[in-house]
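Chain identifiers are assigned alphabetically (A, B, ...) following the order of the sequence lines, protein sequences preceding nucleic acid strands; residue numbering begins at 1 within each chain.
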2 protein chains.
Amino acid sequence: MTTDLDRIDRRILAILQVDGRIAAVDLAERIGLSPTTTGERLRRLQKEGYVTGFAARVDPQRVGLGLLVFVEVLLDKTTPDVFDRFAAAIRRAPEVLECHMVAGGFDYLVKTRVADMAAYRRFLGDVLLSLPGVRETRTYAVMEEVKNDGPLPL
Amino acid sequence: MTTDLDRIDRRILAILQVDGRIAAVDLAERIGLSPTTTGERLRRLQKEGYVTGFAARVDPQRVGLGLLVFVEVLLDKTTPDVFDRFAAAIRRAPEVLECHMVAGGFDYLVKTRVADMAAYRRFLGDVLLSLPGVRETRTYAVMEEVKNDGPLPL
DNA sequence: GGGGCTGCCGTAGAAAATCCGGCCAAACAC
DNA sequence: GTGTTTGGCCGGATTTTCTACGGCAGCCCC
């Protein structure tokens, strides 16, 4: 159930992660099948949930979001719904690209993109620190993006 | 130069980040222009580097990569090329989805996806800890993905 | 007003995706 | 062994989508 994918399916997924808009004709040629069969496989991969959608890669620098920042967040564990309220607020915040609850030294790891330090300062004060239950935050500004959106290994 | 985008361009980018394979006809209808003009704008956005490509979203669970892990890495600052060698090795490692050099308490933040804890243990030993100059690592396993691939706010 | 420029549009030919029917080989029942 | 079924694959026809081209309207500068 977790993996009834054959070699061809995996190659299709690998290629589509790099070039999500490749024509079925070209994809077919690269995997050695006919365009028809390739289309059938792709449609099946979508229907069965392996491919959940397609997205354009937008250059953050070009649209004025030059600063990438990670924030570690610690919450007060007083009331049980603090986590839910925090998660709900994070989902509403457009500056937040990712947020994960982790096991270890802190509670949430937040990935955010903003224009510059001034914008981050505003985000920190207006959004993060104004949320109820936030006890402590640690900010790590990214100086160099070594690897950014690597494909899933298949 | 950083932002000569009008309101329509921003809407196009916002839509394409959510549905990268939308037909120009449908995109045109949503932004209130003709398909031709919409196509011209999209091509311009690609040529000028705002859109750098397209990618399929693949469900990690479905392809057997159920465990998301962040790792903080500290390096020995003995020789000046330690950072370069680390970065080069990371770029070659398929398990690593992201890696950023940060300012603060550690040097690199690594985002990796693996099948399970046993696979992560292998990655940590065979890849990360076997790299020259790695002095310390701190592992944070993700328990819940609150937000995963949020679009850039436009 | 004239000329050039920009952004927009409609049409038409090219390309791509999709639908449909048929082929072939492996699996299976008897 | 033989007939049947099933699943994966393919080619051709239809429909949809993309794209190249020409035209139109507003704007600016001279």
Kindly point out which of D/dC18, D/dC9, D/dT19 is positioned nearest to the side chain of A/Thr37?
-> D/dC9
Between B/Asp76 and B/Thr78, a side-chain donor and acceptor under 3.5 Å = no
From CZ of B/Arg21 across to C1' of C/dT18 the rounded distance in Å is 13 Å
Could you grab the distance from atom CG of A/Leu152 to atom CZ of A/Arg10, nearest 0.5 Å is fine?
-> 11.5 Å
Here the distance between atom C1' of C/dC8 and atom CG of B/Asp6, to the nearest Å, is 13 Å
Atom CZ of A/Arg44 and atom C1' of C/dC19: how far apart are they, to the nearest Å?
-> 19 Å
Ring center gap for B/His100 and B/Tyr108 short of 6.0 angstrom | no
From CZ of A/Phe54 across to C1' of C/dA17 the rounded distance in Å is 13 Å
For A/Ile31 and D/dG8, what is the distance between atoms CD1 and C1' respectively, to the nearest whole Å?
-> 13 Å
Is it possible for you to say whether A/Phe106 and A/Val110 belong to one hydrophobic cluster, with membership spreading through side-chain heavy-atom contacts below 4.5 Å?
-> no
In whole angstroms, the gap separating P of C/dC9 from CD of B/Glu29 amounts to 13 Å
Please determine, for the side chain of B/Leu33, which listed nucleotide (C/dC9, D/dC18, C/dC20) has the closest atom?
-> C/dC9
For the side chain of B/Thr36, counting heavy atoms from C-beta on, which of C/dC19, C/dG10, D/dC9 is nearest?
-> C/dG10
With respect to the side chain of A/Val25, which nucleotide from C/dA16, C/dG7, D/dG11 is positioned closest?
-> C/dA16
Round to the nearest Å and state the distance from A/Asp9 atom CG to D/dG7 atom C1'.
-> 14 Å
Heavy-atom nearest pair, A/Gly133 first then A/Val82, reads CA-CG1, 4.1 Å
Selected nucleotide, minimal atom distance to B/Arg41 side chain, candidates C/dG7, D/dG11, C/dT11 = C/dG7
On DNA chain C, more 5' by nearest nucleotide between A/Glu40 and B/Glu40 is B/Glu40
Rounded distance (Å) that lies between atom P of C/dC19 and atom CZ of A/Arg43 | 6 Å
